[in-house]
Amino acid sequence: MATDTLKSKPGAQGGATGGLRRLLLDNGALTALIVLVVAMSALSGDFLTADNLLNVGVQAAVTAILAFGVTFVIVSAGIDLSVGSVAALSATVLAWSATEAGIPVALAVLLAVATGIVCGLVNGFLVSYGKLPPFIATLAMLSVARGLSLVISQGSPIAFPDSVSHLGDTLGGWLPVPVLVMVVMGLLTAFVLGRTYIGRSMYAIGGNEEAARLSGLRVKKQKLAIYAFSGLFAAAAGIVLASRLASAQPQAAQGYELDAIAAVVIGGASLAGGTGKASGTLIGALILAVLRNGLNLLSVSAFWQQVVIGVVIALAVLFDTVRRKAGATTPAAGASGGGNSGNKARQALTYVIAAVVAVAVVGATSLLHSGSSGADKPKIGLSLSTLNNPFFVQIRDGAEEEAKKLGVDLTVTDAQNDASQQANQLQNFTSGSLSAVVVNPVDSDAAGPSVRGANQAGIPVIAVDRGVNKADTSALVASDNVEGGALGAKALAEKLGGKGTIVILQGQAGTSASRERGAGFAEGLKAYPGIKVVAKQPADFDRTKGLDVMTNLLQAHPDIDGVFAENDEMALGAIKALGSKAGTSVQVVGFDGTPDGLKAVRAGTLYASVAQQPSELGRIAVRNALRAAEDEKVGKMVKVPVKVVTKENVAGFEG
């Protein structure tokens, strides 16, 4: 394996202290991982269990596989921002080919892999022959690949073939297949970097591209191969991710390119190029996974988790700077000679010593936890699809209020509308000592495998607002999104007198809430043939996007009579775009009954909001979770009534 271990400067502090200092500097990522594992073991008795450690490996797998591919690019002084989108596109191509197109699964897998390689080749061509900066070329591919994924899937998840979904299962009932795939891809990365011509070329190009060219390397062709490798690894990561979720999500792996780059940098690679190794990248991915897993188990706020991870990444780069200043030179990758053999021997010995120390310290901390009597209060985990939306914030507030009243220890996580991140959070809940779990799925299908894991662990699961498919839930606490959409159609159509033109602002593509509300509205509108929908555009449940999309739609359709938005945030953005027309010549109907939405109803700018009473959803979900944990009978379906709130009845409504 290629190594970028730094040698100490002449005259550096000698003796045991100097040796320890050099050891820590040369193996900073490994030291950080050991410290994190020891700290999490000491702080949480749930961390050091076989199930949870396997969870950490599974959760690191997709990031690590992506990061291995990015390692090739960063070593050669490039950057690849497209790997997350390429992963989603490759998985979508596989699922669509095997289901909709009827292509044999084996051929569909090859097509998905080819998709990743082609995306990488396009990136390499734009960088090498198009002379585009890698940042711009791969940023463009990020958008293109994500758009193609949405076009192919029409914005909806596609069920993954069962034969490929086994990649998300376990061997022998305990060894996760994603971990095995991660190890294989890591060994392949180490072999390519340390034992092949292309690997040595990567280090040469990253160290000094002009010198590499003058020495006879075909730099342009090498870059094509380097970005093709990155695309290949992105395709593999996408297939593993979709296998875990049992569906190809067109919006999957958003932001994963940043995690992949962070893992490579934390692992000791330099963004300036010329250094990096597979083992460092693996350690970087494990550090991120341990952080997220441990912070979940410690009930750290979802918002603070982002702060902590950002600080760790910054410290890693800072440490890398200190490490390079403390060292003299970086030996060339694959260099031969006794000195290099000695470095490898010392590195292997370091890993052995680190493992022994970690096992000893972790074993001691586990003994401390083994004597504890356990928690005094029942523990419930609440996984929300997002906290970047007032509706779900109200669900959280209602749940926390009820938990405090009932004496329940409630842990809340934010999936940030990422089905794979929610799967990780639910796995963490399953491996922790929780009495019950409440889940508000990002996607009903994607949540299924993780909820089945909780079923196997004997932990009752309550679904809130959206159901979970192909898994057992003790209860579903929800209002009916389809019914709410139909009520919204009726309210808007009757306000317009049964005729007119309207536009629809859709939620985030692929989410079950958007699909259900849109389907209900379309069904309800069938009773009013005089109402014509002239445009439908997604605004991702976001107020700012609602403003921008509505502004654009008004250029093409200035004389519309009404707007239906699939949540209040988009409705409020539309009202801002409409200005004085809102509530006068153009009627707007929203969904959710959020405080800002109800305020707009009172003001008359928002005609109506289909209110779901989110705080009540949270309260009822926690009550039912506690009952299920105590083996009390709960209803399979707990309905919270939806209500069309207008200016006439808003005074008596509480969300």
*Under the side-chain hydrogen bond (donor to acceptor under 3.5 Å, both in side chains) rule, collect the residues that match up with T189, sequence neighbours excluded.*
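Per chain and number, T189 pairs via side-chain hydrogen bond (donor to acceptor under 3.5 Å, both in side chains) with no residue.
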
*Sequence neighbours excluded, which residues qualify as side-chain hydrogen bond (donor to acceptor under 3.5 Å, both in side chains) partners of R396?*
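In terms of side-chain hydrogen bond (donor to acceptor under 3.5 Å, both in side chains), with neighbours along the sequence ignored, R396 is linked to no residue.
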
*By side chain to side chain contact (heavy atoms under 4.5 Å, CB included), which residues pair with E257, not counting sequence neighbours?*
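E257 satisfies side chain to side chain contact (heavy atoms under 4.5 Å, CB included) with V83, L142 only.
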
*Given V439, T411, I462, V412, the one that forms side-chain contact (heavy atoms from CB on, under 4.5 Å) with L382*: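 It is V412, the one option of V439, T411, I462, V412 that forms the side-chain contact (heavy atoms from CB on, under 4.5 Å) with L382.
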
_D592 versus T594, side-chain donor and acceptor atoms under 3.5 Å_ =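 No, because no side-chain N or O of T594 sits under 3.5 Å from a partner of the opposite role on D592.
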
_Do T386 and Q416 pair up side chain to side chain, a donor and an acceptor below 3.5 Å, judged on atom types alone?_
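T386 vs Q416: no donor-acceptor pair found between side chains.
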
*Quick check: are there more than 12 heavy atoms from other residues, nucleotides or ligands sitting under 6.0 Å from NZ of K470?*
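No.
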
*asked:* If you count heavy atoms of other groups shown closer than 6.0 angstrom to NZ of K636, is the number above 12?
replied: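 Above 12, so yes.
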
*For F233, enumerate each residue passing the ring-ring contact (aromatic ring centres under 6.0 Å, His included) test, keeping only those at least two apart in sequence or located in another chain.*
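For F233 the ring-ring contact (aromatic ring centres under 6.0 Å, His included) partners, ignoring immediate neighbours, are F72.
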
*Tell me the salt bridge (charged side-chain N to carboxylate O under 4.0 Å, His left out) pairs involving residues 157-171, sequence neighbours left out?*
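The answer is none; no pair qualifies.
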
*asked:* Taking salt bridge (charged side-chain N to carboxylate O under 4.0 Å, His left out) as the cut-off, I'd like each qualifying pair that reaches into residues 431-451, sequence neighbours left out, listed once.
replied: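 Those involving residues 431-451 are D443-R515.
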
*Start with the C-alpha distance between S247 and Q249, add both sets of side-chain angles, then the distance that settles side-chain hydrogen bond (donor to acceptor under 3.5 Å, both in side chains), and finish with yes or no.*
CA-CA 6 Å; S247 63; Q249 304 277 325; 2.8 Å; yes

*Below 4.5 Å, heavy atoms only, C-beta onward: do L288 and I309 meet side chain to side chain?*
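A side-chain contact exists here, since the closest heavy-atom pair is under 4.5 Å.
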
*Check: F160 and L94 side chains under 4.5 Å, non-hydrogen atoms*: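 Yes, close enough: below the 4.5 Å cut-off.
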
*Is a side-chain N or O of N55 found less than 3.5 angstrom from the main chain of Q427, in a donor-acceptor match?*
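Judged by distance alone, yes, a pair lies under 3.5 Å.
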
